[in-house]
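Shown next, in structure tokens, is the structure this report addresses.
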Amino acid sequence: MKNIVLILAALLIGLSSCKKDEETEPQISKDDLLCQEWNIDKYTINGEVVNYMMDFQWEFIGDGKLINTFVTTGITDTTTWAWVDNQENIEIEGFDKGLKASKLKKRLFKYDITKLNSSNLILESLNEDEIIIIEFKR
């Protein structure tokens, strides 16, 4: 009887110490997710699709550079980007529209990151003048 009690006690101790290993995905930082090449899949301004923007690729670089490439021609433009609001939003330096080329002025455009994973990025403007939604794919 004493042996049975010892065996049961050993089994209970053994079972209670065996926890199922939790499978956790490796944590990927927002920098690592964002800082890649992204192809514009859909670009809308106030709900209207802007077709010519679908031929652009953006590459976010960790040092705050953003390389914008017109894929058809290979022409690139470099600007800057930065995290804001505890990495919930980003600011991108761009040109005001509607100005003559000789009077172009750069300003910061703020975007809410509504989706960011290894294959999708969605940015939505937080500017008052118009609603811009940019959907990217990898």
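Treat the numbers as computed from the prediction; the structure is a model and nothing was measured.
- The structure places CG of L121 at 7.0 Å from CD1 of I90, a figure rounded to the nearest 0.5 Å.
- Residues L123 and I113 are in side-chain contact: their nearest non-hydrogen atoms beyond the backbone lie under 4.5 Å apart.
- Hydrophobic clustering (side-chain heavy atoms under 4.5 Å, transitive across Ile, Leu, Val, Met, Phe, Trp, Tyr) groups Y52 together with V49.
- In the displayed structure, K65 atom NZ is contacted under 6.0 Å by at most 12 heavy atoms of other residues, nucleotides or ligands.
- For the pair T79 (side chain) and L66 (backbone), a donor-acceptor distance under 3.5 Å is absent.
- Between the CG atom of N89 and the CD atom of E124 there is a distance of 10.5 Å, given to the nearest 0.5 Å.
- The CD atom of E59 sits 11.0 Å away from atom CG of N68, with the distance rounded to the nearest 0.5 Å.
- Note on I92: it does not cluster hydrophobically with L126, by side-chain heavy-atom contacts below 4.5 Å among ILVMFWY residues.
- E48 pairs by the side-chain hydrogen bond (donor to acceptor under 3.5 Å, both in side chains) definition with nothing, not counting sequence neighbours.
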Got a list of side-chain donor-acceptor pairs under 3.5 Å for residues 131-138, not counting sequence neighbours?
{"unit_1": "R138", "atom_1": "NE", "unit_2": "Q36", "atom_2": "OE1", "d": "2.6"}
{"unit_1": "R138", "atom_1": "NE", "unit_2": "S118", "atom_2": "O", "d": "3.3"}
{"unit_1": "R138", "atom_1": "NH1", "unit_2": "Q36", "atom_2": "OE1", "d": "2.9"}
{"unit_1": "R138", "atom_1": "NH1", "unit_2": "E37", "atom_2": "O", "d": "3.1"}
{"unit_1": "R138", "atom_1": "NH2", "unit_2": "Q36", "atom_2": "OE1", "d": "3.2"}

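- In this structure K115 satisfies the salt bridge (charged side-chain N to carboxylate O under 4.0 Å, His left out) test with no other residue, sequence neighbours excluded.
- No donor-acceptor pair under 3.5 Å is formed between the side chain of S125 and the backbone N or O of F109.
- Of all heavy-atom pairs between Q87 and K30, the closest is O-NZ, 2.9 Å.
- Chaining together hydrophobic side chains whose heavy atoms lie under 4.5 Å apart leaves L108 on its own.
- Residues W83 and L34 form a side-chain contact, since some pair of their non-hydrogen atoms from C-beta on lies under 4.5 Å apart.
- Note: the hydrophobic cluster containing I122 does not contain I45 (ILVMFWY, side chain heavy atoms under 4.5 Å, direct or indirect links).
- Summarising the geometry, atom CD belonging to E91 is positioned 9.0 Å from atom OG1 belonging to T80; distances are rounded to the nearest 0.5 Å.
- The hydrophobic cluster containing V84 does not contain W58, counting ILVMFWY residues as joined when their side-chain heavy atoms lie under 4.5 angstrom apart, directly or transitively.
- With side-chain heavy atoms closer than 4.5 Å counting as contact, directly or through intermediates, the hydrophobic cluster containing I67 also holds I61.
- For Y43, the ring pair (Phe, Tyr, Trp, His ring centres under 6.0 Å) criterion is met by no residue, not counting sequence neighbours.
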